[in-house]
Amino acid sequence: MPSGRGWSLDHLSDAWLGRSHRAAPGKEKLARVIDLTREILGIPESHRIAIVPGSDTGAVELALWSLLGSRGVDMLAWESFGREWVDDVNDSLKLDDARVLEADYGTLPDLDAVDWARDVVFTWNGTTSGVRVPHGDWIADDRQGLAICDATSAAFAMDLPWDKLDVTTWSWQKVLGGEGAHGMLVLSPRAVERLESSAPLRPLPKLFRLTKGGKLIEGIFRGQTINTPSMLCVEDALDGLGWARDLGGLDALIARTNANAAALHGWVANTPWIANLADDPGTASTTSVCLKLVDTPAEPKRIAALLGNENAAYDIGAYRKAPPGLRIWCGATVETDDINALLPWLDWAHATALQETS
Ligand SMILES: Cc1ncc(COP(=O)(O)O)c(C=O)c1O
């Protein structure tokens with residue numbers, strides 16, 4: 001399926017620039033981001049959606065600082081970002097009752113070991129290991145704790161079960177490829193109830209405050225942001241959401257992502273020097289596909305550098321904290337033709353790097 005009109009700075013000419021975001025047209029644009037997000041992702045009316053500061057990190061930390069502490073928490077970590085949230089809980093929040101369920105790059109922790117009497121923090125798609133949870137069946141319907149999910153490289157590319165998620169976050173620059181700036185935060189009624197029923201356990205910076213006098217500040221969930229947003233980024237988010245809707249919405253975005261990942265996985269299956277970092281194909285990411293080199297002295301960093309020098313691919317080396325390898329973005333904004341065009345380049349770069357070692 002063609003991606004339609006693509007991206008151009010001209011699409012942002014209607015941006016509400018140099019004016020107050022609190023004036024009616026500014027507010028309307030912010031509210032439209034929320035409404036389109038709800039429409040495309042099928043987020044139920046019962047759930048609140050906010051635009052928050054600080055990209056995905058801001059959204060996750062706002063949730064951790066605001067919600068955790070009234071009961072024990074299970075922290076799931078199988079790559080770099082999940083581990084960052086573990087550090088927050090252990091080193092910054094210093095929660096007494098935090099249990100860490102960890103797994104190495106390429107695998108998932110035992111999802112059946114999660115205790116749903118506790119709050120649970122996890123990443124839907126581990127962007128730096130290319131391992132994702134396969135579905136939400138492991139999340140208990142009768143959970144007492146909150147399911148808090150960092151879905152930044154999953155939202156708009158994978159199905160998210162809204163009835164199973166109490167807090168969901170992502171950033172604008174991931175699957176829809178918008179300008180990075182703001183984070184999105186989705187709260188279930190149970191998350192709102194927690195916010196309103198337990199007094200804050202710690203002082204919260206203004207940037208994290210969602211309640212006043214024990215009541216949710218509803219305006220934040222209508223686009224009256226906590227602080228000043230970039231209206232240029234808002235316009236770009238609207239452009240991405242409009243593109244996604246015109247393309248056919250979530251199903252079309254998932255189909256494009258799956259086609260990209262299938263093209264890449266097909267090449268991996270037929271290429272002896274490379275393999276998926278994900279051990280189990282059922283948990284392999286369709287957006288951030290992470291690959292490891294096998295039985296070859298060629299260095300992944302050299303392969304990535306050769307491809308960068310030729311302007312064939314940028315930033316496809318593994319994340320700095322992940323095992324050495326390649327990471328190829330297959331999200332919905334990528335054309336499958338471009339993935340297919342990359343494949344011979346990968347073979348070329350490997351052959352060149354190999355030659356250099358001999
Ligand atoms: C799973 C995950 N969490 C968090 C982040 C950090 O996101 P941001 O830079 O939007 O704060 C990323 C960035 O790639 C990510 O992939």
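Read the numbers this way: they start at 1 and go in the same order the structure lists the ligands and their atoms. Remember, predicted model here, so these are calculated numbers, not experimental data. The first residue in the sequence is number 1, and the count goes up from there.
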message: With a 4.0 Å cut-off on heavy atoms, is Trp85 in contact with ligand 1?
response: yes
query: Any link between Leu185 and Phe208 through a network of hydrophobic side chains (Ile, Leu, Val, Met, Phe, Trp, Tyr) touching at under 4.5 Å?
result: yes
query: Is Lys321 paired with Glu79 through a side-chain N to carboxylate O contact shorter than 4.0 Å?
result: no
- request: Look at atom 4 (C) of ligand 1 and say which protein heavy atom is nearest, naming residue and atom and giving the distance to 0.1 Å.
  value: Asp56 OD2, 3.0 Å
query: Touching ligand 1 at all, Glu79? Heavy atoms, strictly under 4.0 Å?
result: no
- prompt: Which ligand 1 atoms does Thr123 reach within 4.0 Å, using its non-hydrogen atoms?
  reply: 1 (C)
- request: Flag the pair Asp315 and Arg327 as a salt bridge only when some basic side-chain nitrogen lies within less than 4.0 angstrom of an acidic carboxylate oxygen.
  value: no
Atom 11 (O) of ligand 1: the protein heavy-atom neighbour that sits closest, reported with distance to 0.1 Å: Thr57 OG1, 2.5 Å
message: I'd like to check which ligand 1 atoms, numbered from 1 as shown, lie under 4.0 Å from a non-hydrogen atom of Thr127.
response: 1 (C), 2 (C), 15 (C), 16 (O)
task: Write out the residue and atom name of the closest protein heavy atom to atom 3 (N) of ligand 1, then the distance separating them to 0.1 Å.
output: Asp150 OD2, 2.6 Å
- prompt: Ring centroid separation for Trp273 and Trp267, is it under 6.0 angstrom?
  reply: yes
Element-labelled atoms of ligand 1 that are located less than 4.0 Å from some non-hydrogen atom of Ser171: 10 (O)
message: I want to confirm something. Looking only at heavy atoms, which of Gly126, Ala151, Ser55 is nearest to atom 8 (P) of ligand 1?
response: Ser55
Nearest protein heavy atom with distance in Å, relative to atom 9 (O) of ligand 1: Gln173 NE2, 3.8 Å
task: From the options Val60, Thr128, Thr152, select the one whose nearest heavy atom is closest to atom 2 (C) of ligand 1.
output: Thr152
Asp166 and Arg194 ion-paired at < 4.0 Å: no
query: Is Lys174 near ligand 1, meaning one of its heavy atoms is under 4.0 Å from it?
result: yes
- prompt: Hey, are Arg99 and Asp115 close enough for a salt bridge, meaning a charged N less than 4.0 Å from a carboxylate O?
  reply: no
Of Trp138, Trp85, Phe81, the residue whose pairing with Phe122 passes ring pair (Phe, Tyr, Trp, His ring centres under 6.0 Å): Trp138
- prompt: Which of these passes side chain to side chain donor-acceptor pair (under 3.5 Å) with Ser171: Thr152, Asp56, Asp150, Thr57?
  reply: Thr152
